[in-house]
Novice: 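Following this message is one structure expressed as structure tokens.
Remember, it's 1-based here, ligands and their atoms both numbered in the order they're listed. We use all heavy atoms of the structure for the numbers below, so side chains are in, but hydrogens, waters and symmetry mates are not.
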Amino acid sequence: MIHSPRRRRRVWSAVAAVATAGLAATTALVMSSGTAQAAETLGASAAESGRYFGAAVVPNLLNDGTYSSALDGDFNSVVAENAMKWDATEPNPGQFNFSGGDQIVDYAQARGMEVRGHTLVWHAQQPGWVQNLTGNDLRQAMLGHIDGVAGHWAGDIESWDVVNEAFEWDGSRRQSNLQQQLGDGWIEEAFRAARDADPNAKLCYNDFSTDGLNPKSDGIYDMVADFKARGVPIDCVGFQSHLGSNSDLSTYQANLQRFADLGVDVEITELDVGGSGGAQANVYRQVTEACMAVSRCTGITTWGITDAHSWRGDETPLLFDGNYQKKDAYYAVLDALNDGDSEPPPGDGGHV
Ligand code: G3I
């Protein structure tokens with residue numbers, strides 16, 4: 001489904017993000033001999049093909065000048081790492097706390113960045129009061145939560161992870177409280193409620209270990225095909241992509257493409273790659289190239305900015321090290337976004 005207001009916003013926000021990214025990004029728009037120059041930031045490079053490049057962020061760190069400089073310099077999309085989850089936004093029944101999420105949305109809007117929403121319904125990070133609910137009480141809590149949260153940010157969110165991590169590795173449904181109490185229909189109910197609450201947001205299903213053709217991605221594929229066939233509102237699938245330097249990505253692009261062929265957008269939603277140096281950079285490059293090769297792959301989000309704040313900090317999985325220095329992986333991504341056209345970093349072997 002195409003939501004024209006959102007698509008207009010995307011064009012505007014891409015332009016605005018480039019405008020706020022300073023001189024380096026401006027350079028990206030300079031035309032020479034009729035040919036676009038390789039852009040010099042991740043966000044500007046992604047924007048050249050109509051994509052976004054985002055990062056998961058933490059509200060408190062937005063006040064840290066080093067953190068915000070890195071964010072502003074390279075990213076044109078953000079997602080809350082934790083601040084929009086159920087435990088953060090509805091700690092008590094019907095009592096909402098939007099402060100952390102509002103901080104992120106305000107920050108993003110002031111800079112023309114897009115905002116992804118993460119996540120409306122998940123088996124983890126549920127507040128205590130939800131964990132003990134049964135039957136219709138849990139259903140009403142879920143629907144009320146979606147209405148309250150997606151309704152609060154209606155019009156502000158580019159795409160919502162409506163449901164997160166509801167499948168097992170073998171393609172069966174995860175036996176969460178939601179599944180056990182509400183039965184197979186709960187995911188569909190959640191998507192319908194999200195569409196009602198925010199008709200302009202794209203609605204995504206989001207999961208991990210879906211990095212190729214495998215039983216888990218098969219199960220999700222079947223659900224999305226069924227939703228599309230029956231008119232259940234779903235617009236996108238998020239591929240978290242928590243990877244390692246040895247990850248087998250031989251069917252990664254084919255997997256993205258088969259979902260795109262169902263008529264949904266695909267997004268790389270939580271990318272990080274344990275490792276270092278060329279091996280890590282090579283995995284980042286492959287993921288970026290796969291997204292660039294699939295026209296319905298609308299963007300990439302890394303799950304944080306620097307290794308210093310990553311949930312996998314010991315594995316140094318991000319594009320910036322703990323001192324905010326750009327890693328080999330950064331230059332591999334930039335190069336892939338520019339289709340192999342970006343300038344190498346000065347005096348550096350950053351390209352792999
Ligand atoms: O907010 C409390 C704080 O008050 C307390 O002092 C502190 C003490 O440990 O804990 C804080 O909560 C932590 C929260 O992160 C915020 O820092 C939780 O314990 C901790 O469990 C939580 O971890 C998050 C995790 O999701 C929860 O499952 C990670 O930051 C976050 O990166 C991670 O993100 C998930 C995605 O949402 C879904 N996909 C997988 C991804 C990685 O696990």
Novice: In terms of side-chain heavy atoms, does Asn206 have a donor or acceptor partner in Glu270 at a distance below 3.5 Å?
Specialist: yes
Novice: Specify whether the nearest protein heavy atom to atom 43 (O) of ligand 1 is under 4.0 angstrom away.
Specialist: yes
Novice: Under the 4.0 Å line, does any protein heavy atom show up next to atom 29 (C) of ligand 1?
Specialist: yes
Novice: Can you find a protein heavy atom closer to atom 40 (C) of ligand 1 than 4.0 Å?
Specialist: yes
Novice: Can a protein heavy atom be found under 4.0 Å away from atom 3 (C) of ligand 1?
Specialist: no
Novice: Hey, is CG on Asp314 packed in by over 12 heavy atoms from elsewhere, all under 6.0 Å?
Specialist: no
Novice: Does this structure show an ion pair linking Asp328 with Arg285, if we count only N-O contacts that are shorter than 4.0 Å?
Specialist: no
Novice: Is there a path of hydrophobic side-chain contacts, each under 4.5 Å between heavy atoms of I, L, V, M, F, W or Y residues, that connects Val232 with Met142?
Specialist: yes
Novice: Using a cut-off of 6.0 Å, state whether more than 12 heavy atoms not belonging to Asp170 lie near its atom CG.
Specialist: yes
Novice: Is there any N or O on Trp122 that sits under 3.5 Å from an N or O of ligand 1?
Specialist: no
Novice: So, is Asn164 polar-close to ligand 1, with some N/O to N/O distance under 3.5 Å?
Specialist: no
Novice: Nearest heavy atom to atom 31 (C) of ligand 1: which of Glu270, Glu165, His242, Glu81 does it belong to?
Specialist: Glu81
Novice: Do you see a protein non-hydrogen atom under 4.0 Å from atom 11 (C) of ligand 1?
Specialist: no
Novice: Using a 4.0 Å cutoff against the non-hydrogen atoms of Gln240, which atoms of ligand 1 qualify?
Specialist: 39 (N), 40 (C)
Novice: At what distance is the nearest protein heavy atom to atom 25 (C) of ligand 1, and which residue and atom is it?
Specialist: Gln125 OE1, 3.6 Å
Novice: Does atom 34 (O) of ligand 1 have a protein heavy-atom neighbour under 4.0 Å away?
Specialist: yes
Novice: Can you confirm whether something in the protein, heavy atoms only, sits under 4.0 Å from atom 8 (C) of ligand 1?
Specialist: no
Novice: Measure the acute angle between the ring planes of His118 and Trp122, then classify it against the limits of 30° and 60° as parallel, tilted or perpendicular.
Specialist: tilted
Novice: Heavy atoms of the protein only: does one fall short of 4.0 Å from atom 18 (C) of ligand 1?
Specialist: no
Novice: Quick check: does Trp311 get an N/O under 3.5 Å from an N/O on ligand 1?
Specialist: no
Novice: Taking the minimum heavy-atom distance to atom 26 (O) of ligand 1, which of Arg312, His309, Lys85 ranks first?
Specialist: Lys85
Novice: Please determine whether any non-hydrogen atom of His118 lies less than 4.0 Å from an atom of ligand 1.
Specialist: yes
Novice: When you measure from the side chain of Lys326 to the backbone of Tyr331, do you find a donor-acceptor pair of N or O atoms at a distance under 3.5 Å?
Specialist: no
Novice: Which donor-acceptor pairs under 3.5 Å do the side chains of residues 183-192 make with protein atoms, sequence neighbours left out?
Specialist:
residue	atom	partner	partner atom	Å
Asp184	OD1	Gln179	NE2	2.7
Trp186	NE1	Gln179	OE1	2.9
Glu188	OE1	Arg230	NH1	3.3
Glu188	OE1	Arg230	NH2	2.8
Glu188	OE2	Arg192	NE	3.3
Glu188	OE2	Arg192	NH2	3.1
Glu188	OE2	Arg230	NH1	3.3
Glu189	OE1	Arg139	NE	2.8
Glu189	OE2	Arg139	NE	3.4
Glu189	OE2	Arg139	NH2	3.4

Novice: Could you pull out, from Asp272, Asp207, Asn82, the option with a heavy atom nearest to atom 23 (O) of ligand 1?
Specialist: Asn82
Novice: If hydrophobic residues (ILVMFWY) are linked whenever their side-chain heavy atoms come closer than 4.5 Å, directly or via other members, who joins Trp303 in its cluster?
Specialist: Val79, Trp311
Novice: Backbone N or O of Asp161 within a donor-acceptor pair of the Thr119 side chain at under 3.5 Å?
Specialist: yes
Novice: Over 60° means perpendicular and under 30° means parallel, so classify the ring planes of Phe320 and Phe75, tilted if in between.
Specialist: tilted
